[in-house]
S.K.: 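To start, I am sharing the structure in question, which I have written as structure tokens.
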Amino acid sequence: MPTNLLNATTYVIECQKIHERLMNTKHVTDAGTCKIEIIREELKERGFGGIWGVGKASDNLPALAILSYYPKNTNNDKSICLVGKGIVYDTGGLSVKVPPNMAGMKCDMGGSAAVLAAFDAIVRSGNCAGVVHA
């Protein structure tokens with residue numbers, strides 16, 4: 001999807017919609033708690049300077065979305081963390097990238113989309129044996 005339709009802001013909105021849908025699903029809320037944290041302006045201060053540096057000049061500030069699901073009746077000692085890169089558009093290093101490799105750089109967020117879909121499916125399945133973060 002082009003960045004005029006999918007940017008950091010619209011992607012955060014999609015994450016929030018999934019969180020809201022999960023929170024409005026009875027078997028999900030009966031079995032645990034789903035939380036979302038969106039980090040934007042404080043990325044650099046919280047140690048995410050790379051994310052901040054790549055996207056700070058954009059009209060849509062960079063963001064880190066963290067979704068978490070805490071099933072009831074589990075100890076929180078161990079958890080599963082799903083991680084996927086979600087760079088919507090990366091023009092950094094243009095001088096070192098060869099032209100054929102630039103075409104795919106405007107949609108380098110498939111990993112994050114896959115993680116978001118996996119988190120949604122795992123939580124909706126009702127078979128979480130432990131805490132899940134994405």
S.K.: On the six-membered ring of Y70, is K35 placed so that its NZ or CZ lies under 6.0 angstrom from the centre and within 45° of the ring axis?
M.R.: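 The answer is yes; both the distance and angle limits are met.
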
S.K.: Could you tell me which non-hydrogen atom of G130 sits nearest to which non-hydrogen atom of P71, and how far apart they are?
M.R.: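 Closest approach of G130 to P71, heavy atoms only: O-CG, 3.3 Å.
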
S.K.: Quick one: does N24's side chain have a donor or acceptor within less than 3.5 Å of a partner on E20's backbone?
M.R.: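 Yes, the answer is positive, given that a donor and an acceptor are paired below the 3.5 Å cut-off.
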
S.K.: Transitively linked via ILVMFWY side-chain contacts under 4.5 Å: W52 with F48?
M.R.: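 Result: yes, single cluster for both.
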
S.K.: Does the H19 side chain pair with the main chain of C34, one donor and one acceptor, at a distance under 3.5 Å?
M.R.: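 Looks like yes, one N/O pair under 3.5 Å.
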
S.K.: How about I18 and L22: do any of their side-chain heavy atoms sit closer than 4.5 Å?
M.R.: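 In short, these two side chains touch, coming nearer than 4.5 Å.
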
S.K.: Taking all atoms of both residues into account, what is the closest heavy-atom pair of Y69 and G32, and its distance?
M.R.: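 For Y69 versus G32, the nearest heavy atoms are OH-N, 3.4 Å.
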
S.K.: Calculate, to the nearest 0.5 Å, the distance between atoms OG1 and NZ belonging to T10 and K17 respectively.
M.R.: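 Output value for this atom pair is 9.5 Å.
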
S.K.: Working to the nearest 0.5 angstrom, can you tell me the gap between I122 CD1 and I80 CD1?
M.R.: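 Reported to 0.5 Å precision, the distance equals 6.5 Å.
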
S.K.: Could you tell me the separation between the CG atom of L61 and the CD atom of E41, rounded to the nearest 0.5 Å?
M.R.: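 If we round to the nearest 0.5 Å, L61:CG and E41:CD are 5.5 Å apart.
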
S.K.: Output the distance between atom OG1 (T25) and atom CZ (R124), rounded to the nearest 0.5 Å.
M.R.: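 The distance works out to 7.5 Å.
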
S.K.: So, for V115 and A134, which heavy atoms are closest and what is the spacing to 0.1 Å?
M.R.: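 Here V115 and A134 meet closest at CG1-CB, 3.6 Å.
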
S.K.: When you compare the side chain of I66 with that of S68, does any pair of heavy atoms fall below 4.5 Å?
M.R.: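 Side-chain contact under 4.5 Å: yes.
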
S.K.: Side chains of D30 and H27: closer than 4.5 Å at any heavy-atom pair?
M.R.: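 D30 does not reach H27 side chain to side chain.
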
S.K.: Are any of the side-chain heavy atoms of L116 and C15 separated by less than 4.5 Å?
M.R.: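 Yes; the side chains approach each other to less than 4.5 Å.
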
S.K.: Do you know which two heavy atoms are closest between A65 and I38, and how far apart they sit?
M.R.: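 Heavy-atom minimum between the residues: CB-CD1, 3.7 Å.
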
S.K.: Please give me the minimum heavy-atom distance between V132 and F119, naming the atom from each residue.
M.R.: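 Looking at all heavy atoms of both residues, the shortest contact is O-CE1, 3.6 Å.
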
S.K.: With a sphere of 6.0 Å drawn around NZ of K72, does it hold more than 12 non-hydrogen atoms of other residues, nucleotides or ligands?
M.R.: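 Yes, because the 6.0 Å sphere around NZ of K72 holds more than 12 heavy atoms from other groups.
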
S.K.: How long is the span from the CD1 atom in I51 to the CZ atom in R40, to the nearest 0.5 Å?
M.R.: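 These two atoms lie 12.0 Å from each other.
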
S.K.: From M23 CE over to R21 CZ, what is the distance, rounded to the nearest 0.5 angstrom?
M.R.: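 With rounding to 0.5 Å, CE (M23) is 13.5 Å from CZ (R21).
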
S.K.: Could you tell me if the side chain of L67 sits less than 4.5 Å from the side chain of H133, heavy atoms only?
M.R.: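 No. Closest side-chain heavy atoms not under 4.5 Å.
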
S.K.: Tell me whether I36 shares a hydrophobic cluster with V28, the cluster being built from Ile, Leu, Val, Met, Phe, Trp, Tyr side chains joined at under 4.5 Å.
M.R.: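 Cluster IDs for I36 and V28 match.
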
S.K.: Any side-chain heavy-atom pair from N60 and Y11 closer than 4.5 angstrom?
M.R.: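 They are not in contact (no side-chain heavy atoms under 4.5 Å apart), so the answer is no.
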
S.K.: Is there a path of hydrophobic side-chain contacts, each under 4.5 Å between heavy atoms of I/L/V/M/F/W/Y residues, joining L82 to V12?
M.R.: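 Yes.
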
S.K.: What heavy-atom pair brings E37 and R46 nearest, and what distance separates the two atoms?
M.R.: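 In terms of heavy atoms, the two residues are closest at OE2-NH1, 2.8 Å.
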
